[in-house]
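Comments concern the structure below.
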Amino acid sequence: MWMELLDIKSNQVSVLLALIKARQEKLKKKIGEGDNEENMLAYVDTLFDVELPDTGRKLSDEELVSLCSEFLIGGTDTSATTLLWVMANLVKHQDIQEKLFDEINGVVKVDEDINEENMKKMPYLKAVVLETMRRHPPGHFILPRAVTEDAVMNGYDIPKDAMVNFTVAEIGWDSQVWEDPMEFKPERFLSDHDQQKEFVFDLKGVKEVKMMPFGAGRRVCPAITMSLLHLEFFVANLVRGFKWALEDGCEVDMSEKQAFTIVMKNPIRPCLCPRIVS
Ligand code: HEM
């Protein structure tokens with residue numbers, strides 16, 4: 001098992017390090033100066049000159065690989081899994097899919113594309129994505145935290161240096177906070193929605209933590225805004241273009257399976273029917 005893990009790690013290093021080194025060389029030689037691609041700042045570029053505060057040393061090759069793969073893994077599987085859960089719920093709840101389709105159609109003109117501006121006028125779309133993240137957070141734990149001093153919480157002693165984990169899914173399923181927590185009801189996010197203002201939910205838990213699919217505190221996911229935007233964009237386009245359903249007699253199986261994230265044990269195999277908007 002341990003040898004297998006080391007093997008995977010060494011494969012990861014050999015694939016990513018070649019790309020990282022190629023990028024570093026390109027930057028050094030300033031090949032293609034003036035062309036757009038080279039003027040773009042890549043995530044890895046920001047790591048080359050980092051000096052660690054304690055020792056002043058630069059990041060090692062292995063550390064560069066770890067940081068880049070964290071970014072790639074953290075940014076792909078999470079969004080893909082969430083998208084699958086959204087679509088599964090829309091297939092299961094055809095009424096919700098139709099309501100979302102009507103919202104999109106009411107906002108976007110026939111010859112217009114969906115964009116960031118018109119998505120701001122789609123509170124139900126945002127509610128569908130948030131409800132999916134509450135009911136099916138792709139990660140059931142966030143990164144563990146270390147306790148820096150002895151503490152007492154709710155009568156429990158938490159000693160210094162203890163490791164604390166957060167049960168993300170259970171927080172979002174708490175029946176004292178959410179009515180019918182296991183039901184998929186996007187409307188719950190619209191109850192406080194003031195039509196005059198843009199729909200904002202305290203997802204970072206700044207005032208109170210009601211769910212935490214992106215974590216919380218200073219290590220909260222740095223890509224919240226971008227990933228919500230991506231998800232909303234994908235969902236809006238998929239629903240606008242097609243009616244999503246299963247073959248007659250088939251049912252959506254919402255069972256979960258632990259992979260890198262919590263995925264569908266039996267992913268949906270939907271039938272897509274192009275929507276004709278007139
Ligand atoms: C649905 C999409 C996503 C979900 C649910 C998600 C969730 C999370 C969670 C739970 C954490 C740990 C936060 C904590 O411990 O408090 C995290 C960290 C992180 N996420 Fe995301 N994430 C998503 C998308 C992305 C994307 C698209 C990127 C990058 C392009 C990304 C990059 C990162 C990075 C770099 C960290 C580590 C931050 C740190 O260590 O300080 N995530 N994410």
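Counting starts at 1 for both ligands and their atoms, following the listed order. Counting begins at 1 with the first residue of the sequence.
In this structure, atom 31 (C) of ligand 1 lies nearest to the protein heavy atom A223 CB, 3.7 Å. For atom 12 (C) of ligand 1, the closest heavy atom belonging to the protein is L143 CG, 3.9 Å. Atom 25 (C) of ligand 1 has as its closest protein heavy atom G74 O, 3.4 Å. With hydrogens left out, the protein atom closest to atom 21 (Fe) of ligand 1 is C221 SG, 2.4 Å, a heavy atom. Among all non-hydrogen protein atoms, the one lying nearest atom 35 (C) of ligand 1 is F71 CD1, 3.8 Å. In terms of protein heavy atoms, atom 23 (C) of ligand 1 is closest to T78 OG1, 3.4 Å. Summary of contacts: the protein heavy atom closest to atom 37 (C) of ligand 1 is E70 OE2, 3.8 Å. Considering only non-hydrogen protein atoms, atom 6 (C) of ligand 1 sits nearest to F214 CD2, 3.6 Å.
Below 30°, between 30° and 60°, or above 60°: for F184 and H136 the angle between ring planes is between 30° and 60°, a tilted geometry. Ring geometry, F189 versus W178: the interplanar angle falls from 30° to 60°, so the pair is classed tilted.
Considering both main-chain and side-chain atoms, S227 never comes within under 3.5 Å of ligand 1 through any nitrogen or oxygen pair.
With N118 contributing its side chain and D113 its backbone, the two residues share a donor-acceptor pair below 3.5 Å.
Separation of atoms CZ (F166) and CZ (R145) is listed at 6.0 Å; rounding is to 0.5 Å. In this structure, the separation between OG1 on T132 and CG on L83 is 9.5 Å, given to the nearest 0.5 Å.
Linking Ile, Leu, Val, Met, Phe, Trp and Tyr residues whenever their side-chain heavy atoms come within less than 4.5 Å places L52 and L64 in a single cluster.
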Next on the checklist: Using salt bridge (Lys or Arg N to Asp or Glu O under 4.0 Å), reason through E131 and R188 one step at a time and then give a plain yes or no.
Outcome noted: CA-CA 8 Å; E131 176 67 344; R188 64 174 93 241; 3.0 Å; yes
Next on the checklist: What verdict does the salt bridge (Lys or Arg N to Asp or Glu O under 4.0 Å) test give for K21 and D61, after you've listed the backbone C-alpha separation in whole Å, the side-chain angles of each residue and the deciding distance to 0.1 Å?
Outcome noted: CA-CA 9 Å; K21 290 289 170 192; D61 285 351; 3.1 Å; yes
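In this structure, the side chains of L90 and W244 stay at 4.5 Å or more apart for every pair of heavy atoms. Within the 4.5 Å cutoff, the side chain of L130 has no heavy atoms near those of the P213 side chain.
Nearest-heavy-atom check against atom 16 (O) of ligand 1 across M212, R218, R145 picks out R145. For the residues M226, H140, R219, the heavy atom positioned nearest atom 30 (C) of ligand 1 is part of M226. Closest heavy-atom approach to atom 34 (C) of ligand 1 among the candidates S79, P213, P222: P222.
Between K58 and E63, no side-chain nitrogen of the basic residue sits less than 4.0 Å from a carboxylate oxygen of the acidic one, so the salt-bridge criterion is not met. Ionic pairing of E98 and R275 is present here: one or more N-O contacts between side-chain nitrogen and carboxylate oxygen are shorter than 4.0 angstrom.
Near T82, meaning under 4.0 Å from any of its heavy atoms, are these atoms of ligand 1: 1 (C). The atoms of ligand 1 that sit less than 4.0 Å from any heavy atom of G215 are 10 (C), 13 (C), 14 (C), 16 (O). Contact atoms of ligand 1 toward M133: 1 (C), 5 (C) (distance under 4.0 Å to a heavy atom of the residue). For ligand 1, the atoms sitting less than 4.0 Å from at least one non-hydrogen atom of A216 are 16 (O), numbered in the order shown with element in parentheses.
When non-hydrogen atoms are compared, ligand 1 lies under 4.0 Å from neither the backbone nor the side chain of P137. When heavy-atom distances to ligand 1 are checked against a 4.0 Å cut-off, V220 comes that close only through its backbone atoms N, CA, C and O.
Ligand 1 has no atom lying under 4.0 Å from any heavy atom of G139.
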